[in-house]
Number of protein chains: 4
Amino acid sequence: MATHTPLRQMAAPPRDTITPATMRAWVLNNPDELELVTKPAPRPGNAEVLVRIDAVAVCATDLEVISQGPPALINGGPPFNQAFTPGHEYMGTVVGLGPNVDEYQVGDRVTVEIHAGCGRCKRCREGMYTACHNYGANYPGNDKGHRANGFTTNGGFAQYAVNHINTLVRVPDSMTDEEAALVVTAGTSMYGFTELGGLVAGESVVVIGPGPIGLLGAAIAKTLGANPVILTGTRPDRLAIGARLGADFIIDSTAEDPVEAVMRLTGKGADYVLDCAGTEESVNQAIRMTNRGGRICLAAFPHGPVKIDLAYAVQNNIYLYGIRGEGRSATHRALALMAAKRFDPTLIHTHTFGLDDLPEALRHARDRVDGAIKVVVKPQQ
Amino acid sequence: MATHTPLRQMAAPPRDTITPATMRAWVLNNPDELELVTKPAPRPGNAEVLVRIDAVAVCATDLEVISQGPPALINGGPPFNQAFTPGHEYMGTVVGLGPNVDEYQVGDRVTVEIHAGCGRCKRCREGMYTACHNYGANYPGNDKGHRANGFTTNGGFAQYAVNHINTLVRVPDSMTDEEAALVVTAGTSMYGFTELGGLVAGESVVVIGPGPIGLLGAAIAKTLGANPVILTGTRPDRLAIGARLGADFIIDSTAEDPVEAVMRLTGKGADYVLDCAGTEESVNQAIRMTNRGGRICLAAFPHGPVKIDLAYAVQNNIYLYGIRGEGRSATHRALALMAAKRFDPTLIHTHTFGLDDLPEALRHARDRVDGAIKVVVKPQQ
Amino acid sequence: MATHTPLRQMAAPPRDTITPATMRAWVLNNPDELELVTKPAPRPGNAEVLVRIDAVAVCATDLEVISQGPPALINGGPPFNQAFTPGHEYMGTVVGLGPNVDEYQVGDRVTVEIHAGCGRCKRCREGMYTACHNYGANYPGNDKGHRANGFTTNGGFAQYAVNHINTLVRVPDSMTDEEAALVVTAGTSMYGFTELGGLVAGESVVVIGPGPIGLLGAAIAKTLGANPVILTGTRPDRLAIGARLGADFIIDSTAEDPVEAVMRLTGKGADYVLDCAGTEESVNQAIRMTNRGGRICLAAFPHGPVKIDLAYAVQNNIYLYGIRGEGRSATHRALALMAAKRFDPTLIHTHTFGLDDLPEALRHARDRVDGAIKVVVKPQQ
Amino acid sequence: MATHTPLRQMAAPPRDTITPATMRAWVLNNPDELELVTKPAPRPGNAEVLVRIDAVAVCATDLEVISQGPPALINGGPPFNQAFTPGHEYMGTVVGLGPNVDEYQVGDRVTVEIHAGCGRCKRCREGMYTACHNYGANYPGNDKGHRANGFTTNGGFAQYAVNHINTLVRVPDSMTDEEAALVVTAGTSMYGFTELGGLVAGESVVVIGPGPIGLLGAAIAKTLGANPVILTGTRPDRLAIGARLGADFIIDSTAEDPVEAVMRLTGKGADYVLDCAGTEESVNQAIRMTNRGGRICLAAFPHGPVKIDLAYAVQNNIYLYGIRGEGRSATHRALALMAAKRFDPTLIHTHTFGLDDLPEALRHARDRVDGAIKVVVKPQQ
């Protein structure tokens, strides 16, 4: 298990603009055919920067993208983007500025959001850029400017990437590269609490599923003052980490019915539930453990239709918020809490590999080798 | 089909306080055992008034209450309240004032909301009184002051009822008794649009299910400026009424797939969907016809668990709002639009009966005899 | 006074792309030095279209811009943009498309918002593009993409203008050019009600100041179901137009104290006040006529500091929303209500001139010649 | 300066119901005529409890109430309530239960909100009970059930008080009496941030005025993750306490212009400003130091009209929220953060006196004797 490292561990920061001609990058030729190649380095366009990638974490979604190809592109895009570089939970150093960028300087350490909305659809105009109506529209013939690095545009399993400035969050020196690579995960949890209303101090919160988003979700709920914070799941070792991150109660749902446990602990059910498991069982538990007028955020989703007791939700004025990604600038709020050392996200960082060892990193993440939770790749090492 | 009547049709309004000793009222002795009895008339308590009931509409929920008994009481209340008077969609005239009431005068015409929250639980304190945590707690041993007339406290199939002033909405003379009895139905639709954000002008709205709430939902959406308003359902005669009430497009879902129709009419799917059908099919249609970042209000609910494509909702940042009743003072907004004659709610009023004929009224409503939509009972005739 | 014209009055719509080399346009060389010149026509860039201007209304702000020069540019821009074309309330026909535009077609009739936010600052990312932190940053050396046509970029007193697609609203054929030119005015009123929460049905609304924004504000409040709608001001002829547009009560504040009148009409004061006068007197009236917990939108502002009874606002939990422009896509909502013919905006359209007669149009607007309210210029005639 | 005391200092908690016939209480016969008397102890009514007062803090408003009489009663109440007991920032122990109360038990330690709304006006129904339209209506002839203990109903400078359960917040054993008496102060700050939207993590926040509300406001802003938190004021000793409570920067406004300082520290101005000074100068500073689209909460107010640069607020889309008291259950959120020991509120507790010494306690508070900030009276000692 990683320990918190007070000193920043990184290659010496570049202070001069770098314009690499080529770079080393993993590309996905076909599903499950990853290859490490040398390819032209990207050039930042208007409102973009070139990021030297210092750390990139492996997310469960990366495993899906790699085994199945990127999500089917909407809006008539090409069905499979060959030679695409996956990886979306990364941080690094700004080494080049596109035209008209003065918000960031060369040498700035940054972590990234996935989504740069098109800025011109109905949802982007409302500030809901993760629900961009031009998702995927960033290819010749339909270039609306949307980017989802690691999904529809090239991502972070490489030495460099290009990012729209809207996706950047400044990283203070007090935060290590590995910590900063976890900001997007914490940002997803924070987006959930944002959509749930944000005012969770003194309210009861249940987080279902001690994956990375759930564990940091428990930490953020506690940081914002929620009380009690209850974490439920099936893996005792992870639940134990949740307790260290701030959960007041952990419920092993193989040993106790989590709905009954929540009723016992809260009296009338939880005010807010963040479901990070995304199974038929977890969604029904979420509905049944929420009190009248309470709210549920669905931060994960089942594969295929699920049998849901929707009547209970309707009869009890329960609202369900399906989210994907880390919208409403939630990463900025997550980083602020992490920078203030309100919780120790490095508790979920378990392994580190170099760029050449990406397959091994992926194997650790997929098979949970050696208790792996968050596996980080450091392309500059 | 009723035609709109410009003149107010009612018994001469009482201008003096009435303190009836007894009244005629239907009581439910056991499920499906309704009896017309003479029983003591109620007396208004603090913050309450005595209402002489001038018109009461039959709702599908009344049929359920009558055949199954009132909803199982929460908080340990008595399992079945014998000699209970059902009926919740009523209007009438204030004929008596409880202590400390000066908000209303004897002679005021009023229509009612169902719920008077306890005023002391977490949700009532937030203004979410339809999600009162003391639902049903209004009996000796646990009197928290919650009332849901026609559900947990006596309702409107009677000559008189007692109402907390929080449930009253003033009715202008320009509105007939029959119209005013429909305010609570329109209030439910309005509550749906309230929770969806209220700003539907120029947005695409689909209403699924041309029952009374759906039909008035289409009317309210159009009144608030939604465009287009699409009404889907299986009964052409009701869909036709929806068109008269304001729907721009009606989709007979037995003839055309409603999801495809909505996609054809809106391009990217609807911004808002109000599901008033509450079936597995309708919920899945709602999810599939909503665009990214759109919102769904579930104003009806399936009996028993349903198989739902929740992944689609999560992947598309769709939010679902389960509502029951007519919260957030939505009846006041509904009445305001009705008083301004923005749409003709009497199009859904089809039949009228006297108090003695309640069984016949219920039969018309249940079996849709003679195209019945809203059947009204007038206890004073 | 203009009468409502059911038929669309416009030049034959162009169906082919037009790429004019030059155009006739008024330019402001120095404050109060307007000149009609022939200059190169603009070319639409990425996400932009070329609009042939069919109608442009004169706003009081145009008179300020012309007499004082454009508002001091923020962010270090040039102090005075010579040869700048003012005019911001216009509508027209799309005659050319920039790269990557398929949201609009050549031949589409459109009306415009003023602001295209930068899309990259904190506020734009929140959807508050009228509060763009890069306001004015659209010149060489600091091009962040912000545009405020008629303020910081060229506007509509010309034959053609370039518009970002975010500023466009589609105009149906049922709406005349003159009507469509009023959408931005109605959009400002609608933005006010949007920020006030949008749910004004059945609530009491006061509009102070029967200028164009106030008059259409009264119309929109009534359309959304507000009751009563009270319009106060000093000009009886304009108040009378307000009554025709939907105000339930008009208060001549030279004849009656408007605060007392509002108290008399509402009992406890207004729930919402839209101040379109922007004087020390009107702001204090607004505060004093608002009930506890009510809200005020300031849609106009005093020149110089004003003496305000702020204590009253604080002691009564009153919130004040200062707005400028027509944010949150409010023009789309305004157009939806206008397209549905919910009120007759042409009641405020009083005069029409050709492009050559702009000075005369400005004189009518400034001096209220012949009862002028909205004066429209039609560059294609 | 008080040090934080980890152990709970209180009289042994009563576990049995107490029904005192009389009690010692300070009463205000006329402005500035306080007298310690023995008078009948109150009896809790429906939904009320009897609280034995263990600690009551002196607020600046108490000094006003005592020197001027309670605030002029609205709704035609008696102009001066003789023999009234002031004091509103108190905590204590539940020693008696009114009818139908099971939410609290005898022996529970509780702290209180000031306001129990009537529960029946428009604002109470919306959850805005501090803006109750029946403020002050709790006397024979107009009893709507509103209570504002220490303002319109008897307060806490006494041995006992009666409280509606809506005003109670449970106090954990980890919190001392003195700490718990500060919850209402922290609740006011929290109400401010609630109305500002609640999502201040990573946002810049300025608090103007290092009085108790301002100091705890800085603490709460920091606790919620705001960054930077800037506290401005004129008293260096208090600013220093602000720094210990969490302010990142303190600005002595006698030494540096606070607007310039905020611009220097934030670049574009603050996202949120909480004005706790309530002077002409502070309000203008607040407006000028807020960035475009930012928000200001006015938690204090000037005596008499003030000259304000309102144009700046309107032109910059700035919203101002006037608040009074601690609405929206903000005390519950404040207590949750205090119970979690996120900041040390006892830093502002400076002096403690017994009930007999109230005049001396008031003198310390008024004249800031010996650096007094919060002076606490303990009636049971």
Side-chain angles (χ1 to χ4, degrees), chain A residues 102-104 111 113 127 168-172 174-175 183 186-187 189-205 219-229 246-248 267-268 271-272 293 326-343, chain D residues 102-104 111 113 127 168-172 174-175 183 186-187 189-205 219-229 246-248 267-268 271-272 293 326-343:
Chain A
D102 59 10
E103 291 90 345
Y104 291 87
T111 186
E113 297 183 17
L168 302 181
V169 191
R170 218 168 245 108
V171 174
S174 58
M175 198 179 274
V183 167
S189 314
M190 178 59 93
Y191 182 37
F193 290 113
T194 298
E195 296 306 278
L196 291 174
L199 293 170
V200 298
E203 303 280 292
S204 52
V205 169
I220 285 174
K222 197 66 205 171
T223 299
L224 293 174
N227 190 38
V229 174
D248 297 296
K268 293 190 167 162
D271 296 309
Y272 298 99
E326 59 311 287
R328 300 257 182 222
S329 300
T331 49
H332 293 253
R333 289 189 287 288
L335 181 133
L337 297 178
M338 286 168 65
K341 305 294 177 196
R342 296 296 171 84
F343 55 90
Chain D
D102 60 9
E103 291 90 345
Y104 291 87
T111 187
E113 298 183 14
L168 302 180
V169 191
R170 217 168 245 109
V171 174
S174 59
M175 199 178 273
V183 167
S189 314
M190 178 60 93
Y191 182 36
F193 290 113
T194 298
E195 296 305 280
L196 291 174
L199 294 170
V200 298
E203 303 281 291
S204 51
V205 169
I220 285 174
K222 197 67 206 171
T223 299
L224 293 174
N227 191 37
V229 174
D248 298 295
K268 291 189 170 166
D271 296 309
Y272 299 99
E326 59 312 286
R328 300 256 182 223
S329 299
T331 49
H332 292 254
R333 289 189 285 288
L335 181 133
L337 298 178
M338 285 168 65
K341 305 292 178 199
R342 295 295 172 84
F343 55 90

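Chain naming here is simple, since letters A, B, ... match the order of the sequence lines and numbering starts at 1 in each. All values derive from a computational prediction rather than experimental measurement.
Of all non-hydrogen atoms in D:L224 and A:L337, the two that sit nearest each other are O-CD2, 4.1 Å. When all heavy atoms of A:A336 and D:A201 are compared, the pair lying nearest together is CB-C, 4.0 Å.
Highest contact tally toward chain D, considering only A:T223, A:T194, A:L335, is held by A:T223 [criterion: heavy-atom pairs under 4.5 Å]. The candidate from A:A226, A:G225, A:S329 with the greatest count of non-hydrogen atom pairs under 4.5 Å with chain D is A:G225.
There is no contact between D:R328 and chain A, counting heavy-atom distances below 4.5 Å.
Atom CE of A:M190 sits about 8.0 Å away from atom CG of D:L199, to the nearest 0.5 Å.
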